Amino acid sequence: MVKVINLKWEKRLLTNRSARAVALDTLIRVLEKDSYSNISLNNELQKAHLSANDSNFATRIVYGTIQYKIYLEYQLHDLIKTKLKEIYLRPLLLMSAYQIIFMDKVPNRAVLNEANKLAKQFGKVNSNGFRIVNGVLRALIRRQPILPTLDNLPFYLSVRESVPEWLVEYLLKHWGAERTASILSSINEPAKNIVRVSQATNLANVISEMNQLGFNPQESTLNLNELIVSHGGISKTSLFKNGEITIQDEAASLAVQAFDFVGNEQVLDACSAPGGKTVQIAENIPQGNVIALDIHENKLHLVEQNCQRMKVSKRVTTKALDARNADQAFAAGKFDKVLVDAPCSGLGLIRRKPEIRYNKKLTDLTDLQKIQLQILDHVCSLLRSGGELVYSTCTITQEEDEDVVKIFLKKHPEFELKPFKAAKMQAPNGMLKILPDSYGSDGFFISKFVVRG
């Protein structure tokens, strides 16, 4: 059944919106209506016209609540004595619990007072929501946070790190208890602010200007031309607007660096949106061309915007096309290089997109594997003799990474893995897997194929 938000609630959102009201509205949409957190939050912030401090406060509440949802639910589960019938109650209790437990500089009395105000503002006439919120939060404030016992390790880690139990069990199976604890801890750390410097730009000049602007850039431990900056807001600078830098994770940009470019190649980017890797390819082929495909035509506008800002649009052609139909649209052997940055579970991005952990399930891994293999099957014939095929994902699961490579090679014995170097990283067996706790980057997988000589 589709949940309907009452008109009274909608009208009250339009006036007198505090940072917490914006956060609650966003969380209702994300937790109760399965909206995307970044889109919902951005929309609400634009409508609310909050100060920078209040916007940051609302943002922290939203992402913190989503990130620690399972942990927060565990703190509340024995304190809630009645069914939460109104749509705002669960998100309000969760975001209030997050503030009480994780935001030390926010007084508990302020959290309680504001939660009571929001309960009155968002509740129905004659609602008992105020009494529920007031009672549950007062009880939570009176006790220390709780955890399950260690008798059931998957459940314990699931609650402690706020990760679904199936994913904990998966990590334990593949990496053992010690590495699993390290991975889970790392994905709850703040994501680094990373920028990639355009190859057409002088790195030293960019570093100098960033220092003047107070971004304190540090060199990436993973990648060349990648800088870690001390805080957000880089997209508002002239460096970004003029295409001297772009926002791109240090692990993600390794995929394009796995190619051995000459400079005049014809390249296919089979799954291109939002265009970060398309831009990166274009920078490496000043006399070449890249055709950027995406199944969603509306997403190609993002690719085109990125290419225009980064001043490589003359070398890029976009086309709305399912990569599984690419061999019907292009002649065999047309491309010197093919990138398949495949649709995947995205589990390597949990640090940046916390809701990913809640909207994936174990069966998604094999379902996505089928799509990934179909794409590879339909683009591999487009590679000319001597060309290079790079397959990458932003996940860390065996089903979507190593198993895809194994199945693809078995089905296409004319291909073989090729060792490669990508910036500071070596892949002597033709495959590179980066876990989230290795360098504090996104989790990522890269493999490189060539036709057997």
Side-chain angles (χ1 to χ4, degrees), residues 192-230 232-269 271-294 300-319 335-339 341 388 390 392 420-425 441-442 444 446:
K192 292 183 287 188
N193 295 296
I194 305 286
V195 298
R196 184 179 65 80
V197 180
S198 166
Q199 292 179 211
T201 302
N202 184 283
L203 179 62
N205 291 344
V206 169
I207 291 174
S208 175
E209 186 168 345
M210 282 187 176
N211 276 318
Q212 292 176 26
L213 293 170
F215 285 98
N216 305 313
Q218 302 294 319
E219 184 180 348
S220 165
T221 57
L222 257 180
N223 213 327
L224 306 169
N225 284 3
E226 294 260 351
L227 300 171
I228 304 165
V229 295
S230 57
I234 198 73
S235 62
K236 297 178 181 178
T237 66
S238 60
L239 286 170
F240 181 85
K241 293 175 182 177
N242 295 335
E244 295 177 79
I245 61 172
T246 192
I247 298 170
Q248 187 174 14
D249 184 77
E250 51 194 332
S253 64
L254 291 172
V256 171
Q257 295 185 33
F259 287 114
D260 294 316
F261 287 106
V262 176
N264 61 352
E265 291 97 331
Q266 297 296 307
V267 184
L268 177 68
D269 186 354
C271 311
S272 66
K277 296 179 184 67
T278 305
V279 167
Q280 198 178 354
I281 293 170
E283 289 179 7
N284 281 277
I285 52 170
Q287 289 82 45
N289 181 261
V290 53
I291 295 179
L293 308 181
D294 202 87
L300 288 174
H301 296 303
L302 295 174
V303 179
E304 292 162 358
Q305 289 171 6
N306 270 323
C307 290
Q308 186 173 8
R309 181 178 60 81
M310 297 296 289
K311 301 177 176 62
V312 296
S313 55
K314 291 183 179 179
R315 284 167 250 160
V316 177
T317 304
T318 60
K319 184 177 178 63
F335 297 100
D336 302 290
K337 290 175 170 58
V338 174
L339 173 64
D341 186 43
E388 298 175 334
V390 168
S392 64
F420 64 89
K421 179 181 179 181
K424 301 177 182 180
M425 306 301 294
S441 68
D442 292 344
F444 217 81
I446 304 165

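Only heavy atoms go into these numbers, but all of them, side chains included; no hydrogens, no water, no symmetry mates. Numbers here simply count residues along the sequence, with the first being 1. Please read all numbers here as calculations on a predicted model, not as lab measurements.
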Using modelled atom types and a 3.5 Å cut-off, is there a donor and acceptor pairing between side-chain atoms of [X] and backbone atoms of [Y]?
X: N284; Y: F261; value: no
X: S230; Y: F215; value: yes
X: K337; Y: D260; value: yes
X: N306; Y: P274; value: yes
X: D249; Y: A251; value: yes
X: S272; Y: L293; value: yes

Without hydrogens or angle criteria, can the side chains of [X] and [Y] be said to hold a donor-acceptor pair below 3.5 Å?
X: N225; Y: Q199; result: no
X: S253; Y: Q248; result: no
X: Q257; Y: N223; result: yes

Quick one, [X] and [Y] - any side-chain contact, counting heavy atoms below 4.5 Å?
X: T246; Y: R309; value: yes
X: K424; Y: L224; value: yes
X: D269; Y: F335; value: no
X: L302; Y: Q305; value: yes
X: V312; Y: T278; value: no

Heavy-atom closest pair, residues [X] and [Y]:
X: D294; Y: C271; result: OD1-C, 4.1 Å
X: F444; Y: A255; result: CE2-CB, 4.1 Å
X: E250; Y: T221; result: OE1-N, 4.1 Å
X: V338; Y: F259; result: O-CZ, 3.4 Å
X: F420; Y: A258; result: CD1-CB, 3.6 Å
X: I291; Y: N289; result: CG1-OD1, 3.8 Å

Roughly how far, to the nearest 0.5 Å, is [atom2] of [Y] from [atom1] of [X]?
X: S220; Y: L227; atom1: OG; atom2: CG; value: 8.5 Å
X: Q218; Y: I194; atom1: CD; atom2: CD1; value: 11.0 Å
X: Q212; Y: I207; atom1: CD; atom2: CD1; value: 12.5 Å
X: M210; Y: I234; atom1: CE; atom2: CD1; value: 4.0 Å
X: I228; Y: E219; atom1: CD1; atom2: CD; value: 9.0 Å
X: T201; Y: L239; atom1: OG1; atom2: CG; value: 8.5 Å

The single option from V390, L339, V290, V303 passing side-chain contact (heavy atoms from CB on, under 4.5 Å) against K277: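 Checked V390, L339, V290, V303 against K277; only one passes side-chain contact (heavy atoms from CB on, under 4.5 Å): L339.
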
Salt bridge (Lys or Arg N to Asp or Glu O under 4.0 Å), paired with E283, selected from R315, K311, R196: R196

CD/Q308: more than 12 non-hydrogen atoms of other groups inside 6.0 Å: no

Pair K192 + E226, salt bridge at N-O below 4.0 Å: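 No.
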
